[in-house]
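What follows is a set of notes on a single structure, which appears directly below.
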Amino acid sequence: MNILILGAGKVGRALAEILSREPDNDVSVIDLDPDRVEQVKRHSEITALVGSACYESDLKKANIERADIVIACTRSDEINLLACDVAKRMFGVPDCIARLHSEEFDNYMHRREMQSGSAYQIDQIIRPEGLITEQFLQLILHTNALQVKKFVKDRLSLVAVRAVAGSRGGLMVGQDLRSLGQTLERKYLETRVVAIYRQGQALEKISGETTIEQGDEVFFLAESNFIDEVIHEMHTEVRRPHHYIAIAGCTKIGISLAQILEERTDIEQVKILDVDRNRCEMAADKLKSAIVLHGDAGDSNMFEVENLSHYDVFCALTEDDEHNIMSAMLARQRGVRKVIALVSNPVYSELIESDKIDVLVSPAAITTSELLQHIRGANVELVHSLRYGLAEALEIVVQLNDAMASEDPVVGKRFKEIDLPPKVTVGAVVRGEEVFLQSAYLEKELRLEVNDRVVLFLSDREVLSQVAKLFSFHQ
Amino acid sequence: MIQYRAIAYMAGLMLWIFIIMLLIPLVMSLWEDGQSTNTFLKSMGITAAAGTALLIIGKRPDSHISARTGFLLTLVFWFMLPAAAMVPMYLLLGGEDVSFVDALFESVSAITTTGATVLSGLDDMPRSVLMYRQMLQWLGGLGIVVLAITIAPLMNTRTSHFARIDLGAIHETELAPRIIKTAQYLWIIYSLLTLTCAAAYWVAGMNLFDAIAHAFSTVAIGGFSTHDASLAYFDSPFIEAVAVVFMLIASVNFGLHFRAMFRLQFDHYLFNTELQFFLFYTVALSALVVGVLHFVGDQGIGEAVRYGVFTTVSFITTTGFASTDHTVFPSVVPFLLVLGACFGGCGGSTSGGIKSFRILVLTRQSITQFKKVLHPYGVFHTRAGDENASPSVIDAILAFFILYVFVYVVIFLVLMLCGLDFITAFSASGATLNNAGPGLGDIGGTYETLPDIAKLVMCLAMLLGRLEIVTLLVLLTPFFWRI
């Protein structure tokens, strides 16, 4: 596939890199800034050139006529909209995707008036700010969860928790998965463990006999309504909802997160801080009950005066990776229960140990997930890129495979008959209103039908091409 | 530059408008018995002479009026109109009982919609004279609204917040982009309100004359009555209820009425923060007064509610009607009421006092201050409604409040110097500065017995209150007169 990316910012670069990993993809990048282009060029097999995202001559140089997909992710919303429109109308690119920052644009681009006639023609809009805010919200609301990803119209959630043996003995640590499942089943909680990461490495094969050890990162699937109960059963620490939230960074994301939180009745107090006076003023204008603080997250005096050490969650949301990491680590050291940091650079993500910062949220990964699910076509409903893009969770709608008319590789088959590559775990199957999570039935008896929704967990993206072939979608 | 000749011209015009207004009591007098006809004709002559003289001296303003001319013009209007109104008043009633100062006091009180009176024996006066008094209040009531709107944009040339302050309700006040249009709308709203009010009084049992006369003073938040006993004369719970409702309606920002009448948007009544706050303290204070009357004053619950609510609303809206003698209430109540009158109604209405939105912003500002003490690193904005009150609005309100307190204290001290006792002086400065009307002590009913010098001081206080202090005091500053 020929992919043209407009704008080589953080997201553009990360996207180019992930997409170029697939051998079939030809990725080109255009940016006005020669330095950035140079950076991309140095990198790998990506074509990069200096030019405008909207000029015909520059776009032609980038071979836009042959492009299957154009992704506009320059800094400016207006340029992204225009660039998509140009690509669509002048060059007839089949798939045009625009990344937008502003909620306003996003809102009215979805209105019917904008979709008809001569208005901007765009196939897909992606607004990372909204997705990131949602991600932070989930992490704040679910105590002890390291990851919360929704599937099947939010019915199912994929949740990551760390196995810790606490004073209560620990339900999870030292148990094998079968007895864990039985214990939970007695409480009418259905759940299914899809992956276990031990010291950063995924366990090759998990089965009913796999025992969970201290410090393991456990990924499980459960119905969204019950995930807090399941987490509570699995995690030994006393469950206490988060009431006091501190946010560092009066950025767009920080403010919108604070706005959502102050509307919620289960949140007692939100404090949002920034070193920049003007940003604080802007935040104070928009927020009602949240307290805006003008100061540095590293200022220990402010931490003490404002009682931030007793806060339940600390979210580092500035635009600066290093600052986020440092302030999150400081917050953790000062006693905040859960610290979450926004970190774009994947190199940092590998560096940081999990006992220093609980969760790292990568904006690039979230944006890429969103883009990937669009690129992969109609069969793929949702993609969540996990563990810095190394693993992936997919929601696939089962369709008849036309290419192989003789016998479909999945439809009508049981999972044990399907030739699933290793490192792929079946999470759940949803048929209409019914959810199938139970291991024995799911693996040995259930026969897949057309329009079933299958949630798969790939602990290694390498196997994606095999999965794609089975379920027939683009990579 | 101040355009003096333009001021003279406008003043002359204003006098001629006033003469036209005088036609109504003149006709009434002819129709009644002709007793006061000559007097009205004589005053019309005097006013006409003065008006024509001013028109000759003056010059029609060619393009537009400068901001300072606007200030001065407002002041000239508010000093000239009582003077013009005083002429018939003195010619009609002057004599042993009513001195020159009394006539002046009565006129100022009428035009500033204060409602403090020095007259007694109203019930025996000719109806044309009574109607003249009520009409003065009505004119003053509208005058303040129109002038607020007309003058505010002039002030606006310097600080863009002045207009908003003057009109109250920190936002959504502008009715129409053109001032002339706005003034026309206000005329219509004001007249319609008056008509409805008169009809309601008539249905509740007043005769036509009383209904119209009281509608004039109710919608203007004035408080003059055609009877010495004020509304107590009728002794009717229905009439009192009508009065309460219309006093409250007239205390609401006219911008909201405008939206209801011309845009058919009624939800503004529900979501206007200033109005919510005004109703909140009105209800709270009424409940308090009713409680005290019932439990301390040993009144039956029915009576306590009837008199308590009426008196509280009458005071808070700065109207000044009486349905009973408030001076015999348990002593905390009259005092509470005099202080309650300092709050007043909403901005952009006919009521006086500090006004609801200022109190609201001051309260919020104090809360912000508490937060600042607790959170030294905090950044806080004072909110009024859904919007933030900008620092310049807060500054203006704080300055107004300081001036208000200062002026109050000065008037209070000067009145004591004039020989009034503590309670009379305290309540009189409140009653006049807030354009409320009745007070405590010697002035529970009329102001008849006070010394002339005190009456003159109170005239000034009433004008200060009506002009919201700053407008008048700014002329005393040296920089007003420098180019």
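Numbered from 1 within each chain, the chains take letters A, B, ... in sequence-line order.
- Taking all atoms of both residues into account, the shortest heavy-atom contact from B:His381 to A:Asp285 is ND1-OD1, 2.9 Å.
- The number of heavy-atom neighbours closer than 6.0 Å to CD of A:Glu304, taken from other residues, nucleotides and ligands shown, is 12 or below.
- Taking the side chain as every heavy atom from C-beta outward, A:Met302 and B:Pro376 never approach each other to under 4.5 Å.
- From B:Tyr377, atom OH reaches atom CD1 of A:Ile291 across 15.0 Å, with rounding to the nearest 0.5 Å.
- Heavy-atom distances place the backbone of A:Leu287, and not its side chain, under 4.5 Å from chain B.
- A:Lys286 and B:Arg383 get closest at one heavy-atom pair: C-NH2, 3.9 Å.
- Annotation: A:Met326, atom CE; neighbour count of heavy atoms from other residues, nucleotides and ligands within 6.0 Å does not exceed 12.
- For B:Phe401, the CZ atom sits in a loose shell: 12 or fewer heavy atoms of surrounding residues, nucleotides or ligands are nearer than 6.0 Å.
- For A:Asp299, the part sitting under 4.5 Å from any heavy atom of chain B is the side chain, from C-beta outward, and nothing else.
- At most 12 heavy atoms of other shown residues, nucleotides or ligands fall within 6.0 angstrom of atom CZ in B:Phe370.
- The number of heavy atoms from other shown groups lying within 6.0 Å of CD (A:Gln333) does not exceed 12.
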